[in-house]
A.B. asks: 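One structure coming up, written as structure tokens, with questions to follow.
By convention here, the first residue in the shown sequence is residue 1.
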Amino acid sequence: MSTHSKLMVGNWKMNGNLAANASLISDVLAGMSSVGCRTAVCVPSVYLSQLQTLLKGSAIDLGAQDVSAQLSGAFTGEISASMLQDFAVRYCIVGHSERRQYHNETDALVATKAQRALAAGITPIVCVGESLAEREAGQTEAVVKRQLAAVIHANGHCISEIVVAYEPVWAIGTGLTASPEQAQQVHAVLRAQLQAASAHADRVSILYGGSMNATNAAELLAQPDVDGGLIGGAALKAPDFLSMLKTASR
Ligand code: 13P
């Protein structure tokens with residue numbers, strides 16, 4: 001179990017527009033007085049400036065969805081950690097399965113991205129998770145351990161400053177959720193791996209992600225090593241997101 005309060009992060013992915021973002025955030029902020037967990041939203045980069053303004057002084061932290069592994073220079077389309085810093089970004093997702101899958105991101109690249117974020121004072125949310133084929137082949141533990149090991153190797157004692165998100169690929173956007181037992185089993189493996197690498201592993205929040213919603217959040221969050229959630233679709237609906245934030249505040 002992490003020593004911190006639960007952390008609930010909305011990953012907006014490639015959704016939203018200026019008007020919809022303003023309306024969603026206004027509705028969420030209106031319900032925040034009864035929320036006691038840590039909360040963040042990871043938004044498309046072009047909206048970081050808008051969200052920085054909308055979230056100023058609120059209890060919701062700002063996050064990005066990716067960061068370049070490069071520091072600066074001729075890397076068309078990339079966004080550096082120092083650029084994210086300019087917008088008071090607190091968290092940055094790295095190694096989301098959609099980036100690993102559609103942009104061929106490797107474990108080594110993800111580890112470098114985590115390093116760039118940490119060096120800029122941004123907490124990387126390192127995503128790990130197995131595909132359905134890997135689960136069915138009994139490789140779940142080996143896959144998530146390999147993915148996390150790359151980040152531990154590259155980041156040494158800073159590892160206690162990261163957040164980890166276990167997102168089984170087969171559960172993302174599919175409506176299929178890992179059972180609370182399946183989630184806990186993998187989270188315990190990740191916790192043990194972090195403990196072996198750092199004396200301060202209990203500072204690391206391990207989030208679950210993959211079709212988490214207002215109905216299943218409570219039983220997932222009740223698991224001893226589930227320290228919060230990384231939420232896609234359900235974070236785009238203010239009532240659902242707020243309901244999950246309240247569940248995580250208990
Ligand atoms: P869904 O909650 O839409 O399944 O997405 C999970 C996810 O990928 C969060 O990063």
Side-chain angles (χ1 to χ4, degrees), residues 4-68 77-94 96 98-99 113-114 116-118 120-127 161-163 165 167 172-173 205 207-209 211-214 217 221 227-250:
H4 296 297
S5 63
K6 296 238 191 287
L7 171 61
M8 300 293 275
V9 180
N11 174 8
W12 289 6
K13 308 193 180 184
M14 197 170 72
N15 293 291
N17 55 54
L18 288 172
N21 300 346
S23 150
L24 173 59
I25 283 302
S26 140
D27 290 351
V28 175
L29 287 177
M32 284 303 285
S33 57
S34 42
V35 170
C37 65
R38 293 173 295 149
T39 306
V41 288
C42 293
V43 308
S45 309
V46 288
Y47 298 125
L48 287 171
S49 174
Q50 181 198 16
L51 270 293
Q52 182 187 20
T53 305
L54 291 175
L55 297 179
K56 201 167 185 153
S58 81
I60 304 180
D61 286 317
L62 184 55
Q65 297 177 9
D66 187 27
V67 63
S68 177
E78 292 279 275
I79 292 169
S80 71
S82 71
M83 292 173 184
L84 297 181
Q85 230 175 359
D86 268 347
F87 296 92
V89 164
R90 168 93 195 267
Y91 297 99
C92 179
I93 297 171
V94 298
H96 192 280
E98 287 149 17
R99 303 236 28 116
K113 289 184 170 197
R116 296 293 181 234
L118 284 167
I122 295 167
T123 302
I125 300 175
V126 177
C127 298
E161 306 304 319
I162 73 169
V163 167
E167 297 210 318
I172 296 176
S205 295
L207 316 183
Y208 169 80
S211 299
M212 194 189 240
N213 58 38
L221 293 169
D227 304 316
L230 183 55
I231 305 137
L236 298 172
K237 296 175 219 147
D240 294 39
F241 192 50
L242 271 172
S243 153
M244 298 164 84
L245 297 180
K246 286 173 191 165
T247 300
S249 306
R250 292 206 282 258

A.B. asks: Can you measure from CD1 (I125) to CD1 (I162) and round to the nearest 0.5 angstrom?
C.D. replies: 10.5 Å

A.B. asks: Applying salt bridge (Lys or Arg N to Asp or Glu O under 4.0 Å) as the test, list every pair that has at least one member in residues 11-28; sequence neighbours left out.
C.D. replies: K13-E98

A.B. asks: What distance do S5 atom OG and D227 atom CG have between them, rounded to the nearest 0.5 Å?
C.D. replies: 10.0 Å

A.B. asks: Could you tell me which non-hydrogen atom of A81 sits nearest to which non-hydrogen atom of I122, and how far apart they are?
C.D. replies: O-CD1, 3.7 Å

A.B. asks: Can you run down the side-chain hydrogen bond (donor to acceptor under 3.5 Å, both in side chains) pairs that involve residues 232-243, sequence neighbours left out, and say none if there aren't any?
C.D. replies: none

A.B. asks: Say whether, by atom type as modelled, one donor and one acceptor occur between the side chain of S249 and the main chain of V35 under 3.5 angstrom.
C.D. replies: no

A.B. asks: List the atom of A234, the atom of M212, and the distance in Å for their closest heavy-atom pair.
C.D. replies: CB-O, 3.6 Å

A.B. asks: What pairs of donor and acceptor atoms, side-chain ones from residues 44-57 against any protein atom, are under 3.5 angstrom apart with sequence neighbours left out?
C.D. replies:
from : atom 1 : to  : atom 2 : distance (Å)
Q50  : OE1    : N21 : ND2    : 2.9
Q50  : NE2    : L18 : O      : 2.8
T53  : OG1    : S49 : O      : 3.2

A.B. asks: Which pairs, with at least one residue in residues 77-94 and sequence neighbours excluded, count as a side-chain hydrogen bond (donor to acceptor under 3.5 Å, both in side chains)?
C.D. replies: D61-R90, S68-E78, S80-S82

A.B. asks: So which of V126, L207, V9, L230 actually passes side chain to side chain contact (heavy atoms under 4.5 Å, CB included) with V163?
C.D. replies: L207

A.B. asks: Test side-chain contact (heavy atoms from CB on, under 4.5 Å) on N11 and I93; report intermediate values, then the result.
C.D. replies: CA-CA 9 Å; N11 174 8; I93 297 171; 3.6 Å; yes

A.B. asks: Give every residue pair that meets the salt bridge (Lys or Arg N to Asp or Glu O under 4.0 Å) criterion with at least one member in residues 28-50, sequence neighbours excluded.
C.D. replies: none

A.B. asks: Grab the two heavy atoms, one from T123 and one from E161, that are nearest each other, plus how far apart they are.
C.D. replies: CG2-O, 3.4 Å

A.B. asks: State, without any angle test, whether Q65 and H96 hold a side-chain donor-acceptor pair at a distance under 3.5 Å.
C.D. replies: no

A.B. asks: Identify the heavy atoms of A117 and P124 that sit nearest to each other, and give their distance.
C.D. replies: CB-CB, 4.1 Å

A.B. asks: Hey, are the side chains of I79 and D66 touching, using non-hydrogen atoms and a 4.5 Å cut-off?
C.D. replies: no

A.B. asks: A248: what forms a side-chain contact (heavy atoms from CB on, under 4.5 Å) with it, not counting sequence neighbours?
C.D. replies: K6, M8, C37, L221

A.B. asks: If every non-hydrogen atom of L24 is compared with every non-hydrogen atom of A238, which pair is closest and at what distance?
C.D. replies: CD1-N, 3.6 Å

A.B. asks: If I compare all heavy atoms of A59 with all of M32, which pair ends up nearest, and what's the gap?
C.D. replies: CB-CE, 4.1 Å

